[in-house]
Structures are given as C-alpha cells and as structure tokens.
Number of protein chains: 2
Amino acid sequence: MDYQSAITALADPTRRIIIDRLRGGALPVAAIAKDMDVSRPAVSQHLRVLSDAGLLTVTPSGNRRLYAIAPEGVDELRRYLDTLWDDALTAFARAAEEKAKGKTK
Amino acid sequence: MDYQSAITALADPTRRIIIDRLRGGALPVAAIAKDMDVSRPAVSQHLRVLSDAGLLTVTPSGNRRLYAIAPEGVDELRRYLDTLWDDALTAFARAAEEKAKGKTK
DNA sequence: ACGAATCGTAAGCGGTGACTTACGGTAAGT
DNA sequence: ACTTACCGTAAGTCACCGCTTACGATTCGT
C-alpha cells in the first residue's frame, strides 16, 4: 500500500497538468513539455517522481520514451479514499444519531 | 471543484495522521495532539489547512473546538480520481487494442 | 472574581523541493 | 561517419512550508 507516495506526487500542480495531458493516452516527453511553462528537464524530473510513485508506466520506443498513466497506481489512491469516505460517513451518521438522542433526553 | 487544495492538504504525512485519528469521530484539538511528535500549535495549523481545504468541519463546543471529517470534501477527491481512473482505463484498453492490430498487420 | 484550561495566531528559523542551466548518452536521419 | 533529435542527470539557487516558542483571547471551574 504505497498510496503515500502517490498522493505526494499528485500534490504538485505541474504534475497534475502532466497527468491531465496523459489522459488521452501515452505521450513522449517532448510532447508533454510542449507549450508548458516549465523546461523539459523539469518535466523529466516530474515524470521520474510520478513513475516512482507507480502512477506512470514507461515504455522506451526507439529514440523516445512513452509515458502512460498506470491504472493500478490510481486505484491505490481510490481504495484509500474509499475507506476514508466510509469511515467519515459512519462517523457522521453516528454523530447525527447521538445528537438526536441528546435532544430528546 | 476544489479538489486541488484537498489533495495538497492530504500530501502532508502529519495531516494524514490527523485525518486517521478523526476516522472514529469528532475530537478536540488536545485529544488530536496527544502523543503526537509535533506540538499542539502545529496541529492547530494543520487543522486550519485541512479545514480550508474542505476536508474538516469545526464545531465550537464551549471551551473546545471539535473537528470532524467532512464527507463532501473527501467525495470531491473521490470524483476526481474516478474520472482519472476511467480515462486511464480507456486509454490503456485502446493502447492494447492498437498494439494487437499492429501485430496482426 | 480569579486562576486554570483550551485554543488560535504571530514571528522566526531550517529543511525540503521545484526550477534552470549545462552536460552526456543513445538513436535516427542523410 | 557526422549531424541532429530526444532524453536523463548533476549542480546550484531560491521560494515555500512545517515546526517551535511566545503571546493573547475566550471559556470553565471554584
């Protein structure tokens, strides 16, 4: 369960832009860095972080390297948030119930 | 759609610990900061960030202030990750399909 | 009314992280 | 073979963020 590094990776705005650019499918580094307000090496560093977090897959294709979103990595985050959401809901429901009981007493 | 501040807030390890302590229900600041490796003011600052991100609700109760997880804030993150997950899956499937077609040709 | 408890905020400091420039390495084009 | 394109990495700088200490405000207890 390495959702920790995944959420840390997604905390950076630039990295979220990169992720958004990869929603349509795999892209090489140059295409990702095109028309972005940071340099290409900066994008490479971000891709490194995202890959280490398990959010991206890298497939060398001749001269270039194709980066794509790894569904499994995203799913880890999803599962963490699901448990958090469940606990929050049950706690919320119990608090409302106890508050109602306190009112009537 | 303020999932941006929510994911930034959850990026900090100390804030995730705070969130975990609130899974069972609402707690005052002193109870949250108890047996934690940071000072109470630090916890207050983190609670501030989490509240601003919409992840916590604050209800003043006399002398103390009760913090609880806000299900709606968590849900925003969930929805963001759901769309990301969907896009990642469709992109993954299409990539596999095109790769198969390339093989047969 | 006075002291204690609970909590938020201000000021200041230190460390981490994001960025740029510069460079090296590999593959493709001619 | 030589040049060009694509990409990762190293070194260095700088702003931001998390932490502590100190202080002030509000509320409870007696």
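Per chain, numbering begins at 1; letters A, B, ... match sequence-line order.
Atom P of nucleotide D:dC19 and atom CZ of B:R48 are separated by 17 Å, given to the nearest angstrom.
Considering CG of A:L10 and CG of B:L77, their distance stands at 9.5 Å, rounded to 0.5 Å. Between the CD1 atom of B:I17 and the CD1 atom of B:I32 there is a distance of 12.5 Å, given to the nearest 0.5 Å.
Nearest heavy-atom pair, B:V43 versus B:M36, reported as atom, atom and distance to 0.1 Å: CG2-SD, 4.1 Å. B:S61 and B:L66 get closest at one heavy-atom pair: CB-CD1, 4.2 Å.
Environment of CZ in A:R21: crowded, with over 12 heavy atoms of neighbouring residues, nucleotides or ligands closer than 6.0 Å. Crowding of B:R78 atom CZ: a count of heavy atoms from other residues, nucleotides or ligands under 6.0 Å exceeding 12. In the displayed structure, B:R23 atom CZ is contacted under 6.0 Å by more than 12 heavy atoms of other residues, nucleotides or ligands.
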Handout entry: Per-nucleotide protein contact string for nucleotides 10-17 of chain C (B base, S sugar-phosphate only, - none; heavy atom under 4.0 Å)
Key = B-------
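Contacts between residues 50-70 of chain A and DNA chain C, defined by a heavy-atom separation below 4.0 Å, involve A:G62, A:N63, listed by number. Against DNA chain D, the stretch residues 25-40 of chain A makes heavy-atom approaches under 4.0 Å through A:P28, A:V29, A:A30, A:R40.
Contact annotation: the side chain of A:I69 never approaches that of B:D87 to less than 4.5 Å [non-hydrogen atoms, C-beta and beyond]. Contact annotation: the side chain of B:T90 never approaches that of B:D86 to less than 4.5 Å [non-hydrogen atoms, C-beta and beyond]. Between A:V49 and A:L55 there is no side-chain heavy-atom pair separated by less than 4.5 Å.
Of the residues near DNA chain C, B:S44 and A:T14, the one whose nearest nucleotide (by heavy atom distance) lies more toward the 5' end is B:S44.
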